[in-house]
Amino acid sequence: MASPVIVQPDANVYHAPPPTLLESSPTYRMAVEQLYKAAQLLPEIDPDIINRLTIPKRSLVVAVPIRMDDGRLQTFLGYRVQHSLTSGASKGGLRFAPNVDLGEVAALSMWMSWKCGIMNLPFSGAKGGVACDPTALSMGEREKLTRRFTEEVLAIIGPRTDVMAPDMGTDEQSMAWVYDTYSMKIGYACPEIVTGKPVELGGCIGRRQATGRGAVYCILESLKELDIAPESATAVIQGFGNVGSVTAEELAAIGVKVLAIGDRYGAIHNRNGLDIPALLRYAAQHPQRSVVGFPDAEPIAADELFAIPCTVLVPAAMERVITAENAGKLRCRILAEGANGPTTPEADTIIDAAGIHVIPDVLCNAGGVTVSYFEWVQDLSQLMWSEQQVNAKLKELMLGAYQRVRAVARAKNVPNRIAALSLGIYKVAIEKQKRGLFP
Ligand code: NAD
């Protein structure tokens, strides 16, 4: 079993969390390592608070049995982790993916805490997941899995306790099922139990596009800083799901040439730029919504994607895809992290040395939770905002956060990731410190 490798600034001050979570998950180890690194910028925070923040407040592991279409009973493993409840209800997506485990969900919940902190949202971080291959499930099986998972975690969720949203492998329909299951249990309609639900059920206009849109606002700011006109910029994107497809659409709309896109099934390339509206129509007809086979492009090997020279590289699929092995091959000016945790700490060192401008995940993809916050506020106050209001407010909050991160990075001469994490960690840690220890 791999022993936990944690960069500890001072082993007398910070101690590693219990080995169980660490040993099982490189993603969780990575999240803890990032926390320790960024905490070095926060001398005003008691190190014991930082130690406390390495361990999620509450983790629930559940069995989720369902009857499959062929009559078999199959039991899936489900997780809900609430990293903290200090800053308000915990908030985070529900992921359906084959390799989800407790450590991965714990890491993602921690990143959600920092993200809400950076954006100054009154939420704490959470995440959930069910280990399954959603593409191998029928619609009926996905519904049963979502409803039974909701039932199993019912004791720890609530509109003031823990509010879910879509993530990898789940969508608006999944959130409609969570909403309905929860409402049936408590006896009245409670739309504020989830965000990212259909607009007809109290969802927020623009929530589906929010993560990609927020990423593009950050990319535009970075292009401005580097004095690059969007029309002369190019992009390469990994992932063509919610985040990747909207990012591609928005980038193409402002004149950025999207050269290549990869997904779970392969990758495609067109040196003159892909026709994104046509690609969106093509993927919508493909059973797995894949880009593979798109006629107006060349197929390329998935591992060639990150080495394509481009202005902006957008990993928008999964964590730990940019590693010490491939970081040296990157040929981009800007790395805009649409996915959560796509870059390992070892890769960070290589990327920083290469002078690549990183828009870290906790900032770059924060548009999703920001519009989720707008949705929750609208549901609680029973009001509806226009798309114009949503987009204007999203832009204002994203640009504000981008500038705060850049100001810390410049003032302290640290990479954008460390600057962003330190802002998020400070917000959570100072609230904990001032509230004091119960009892
Ligand atoms: P999604 O399920 O809609 O799409 C995932 C995409 O990644 C698909 O195109 C899939 O084919 C591709 N993919 C899966 N495995 C892959 C692999 N091994 N190699 C290459 N591509 C692969 O998911 P999403 O909602 O777009 O989420 C993508 C990432 O963005 C995740 O890290 C998620 O946590 C993060 N994120 C999502 C949101 C949101 O609002 N949906 C918000 C913040 C962060």
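Remember, it's a predicted structure, so these values are computed and weren't measured experimentally. Along the sequence shown, residues carry numbers from 1. When a ligand or atom number is given, it counts from 1 through the structure's own listing order.
Of the protein's non-hydrogen atoms, the one nearest atom 39 (C) of ligand 1 is Thr211 OG1, 3.5 Å. Of all protein heavy atoms, the one closest to atom 3 (O) of ligand 1 is Asn242 N, 2.9 Å. If you check which protein heavy atom lies closest to atom 22 (C) of ligand 1, you get Arg264 N, 3.3 Å. In terms of protein heavy-atom proximity, atom 16 (C) of ligand 1 is nearest to Met318 SD, 3.5 Å. In terms of protein heavy-atom proximity, atom 29 (C) of ligand 1 is nearest to Ala317 O, 3.4 Å. Shortest contact from atom 32 (O) of ligand 1 to any protein heavy atom: Asn340 N, 3.1 Å. Among all non-hydrogen protein atoms, the one lying nearest atom 4 (O) of ligand 1 is Gly241 CA, 3.2 Å. Distance from atom 37 (C) of ligand 1 to its nearest protein heavy atom, with residue and atom name: Val243 CG2, 3.4 Å.
The heavy-atom pair separating Asn416 from Val405 by the smallest distance is O-CG1, 3.7 Å. Shown here for Trp376 and Glu192, the closest heavy-atom pair between the two residues is CD1-O, 3.5 Å. Taking every heavy atom of both residues into account, Pro198 and Ala176 meet most closely at CD-CB, 3.9 Å.
The side chain of Arg207, and not its backbone, has at least one atom closer than 4.0 Å to an atom of ligand 1 (non-hydrogen atoms only; side chain from C-beta on). Under 4.0 Å from ligand 1, the heavy atoms of Arg95 that appear belong solely to its side chain. For Ser290, no heavy-atom contact with ligand 1 is shorter than 4.0 Å. When non-hydrogen atoms are compared, ligand 1 lies under 4.0 Å from the side chain of Gln238 (C-beta onward) but not from its backbone.
Evaluated by nearest non-hydrogen atom to atom 28 (C) of ligand 1, the leading choice among Gly239, Ala339, Ala316 is Ala316.
Arg213 has its side chain out of reach of Lys395: every pair of non-hydrogen atoms, C-beta onward, lies at least 4.5 Å apart.
A donor-acceptor distance shorter than 3.5 angstrom exists from the side chain of Gln389 to the backbone of Ser386, with no hydrogens or angles considered. Asp263 contributes a side-chain N or O that, together with a main-chain N or O of Gly266, makes up a donor-acceptor pair within less than 3.5 Å. With hydrogens and angles ignored, the 3.5 Å screen pairs no side-chain donor or acceptor of Ser422 with any backbone N or O of Leu42.
Residue Gly368 has no N or O atom closer than 3.5 Å to an N or O atom of ligand 1. Note: an N/O pair closer than 3.5 Å links Asp167 and ligand 1 by distance alone. Looking at ligand 1, you'll find an N or O of Gly169 within less than 3.5 Å of one of its N or O atoms.
Side-chain contact of Thr343 with Glu337: a donor-acceptor pair under 3.5 Å is present, judged by distance alone.
Less than 4.0 angstrom separates some heavy atom of Gly338 from each of these atoms of ligand 1: 30 (O), 35 (C), 44 (C).
None of Lys91, Arg80, Lys127 except one satisfies the salt bridge (charged side-chain N to carboxylate O under 4.0 Å, His left out) rule with Asp162; the exception is Arg80. Residue His83 forms a ring pair (Phe, Tyr, Trp, His ring centres under 6.0 Å) with just one option from Trp111, Phe123, Trp114, and that option is Trp114.
Using a 4.0 Å cut-off between charged side-chain N and carboxylate O, Glu319 and Arg95 make a salt bridge.
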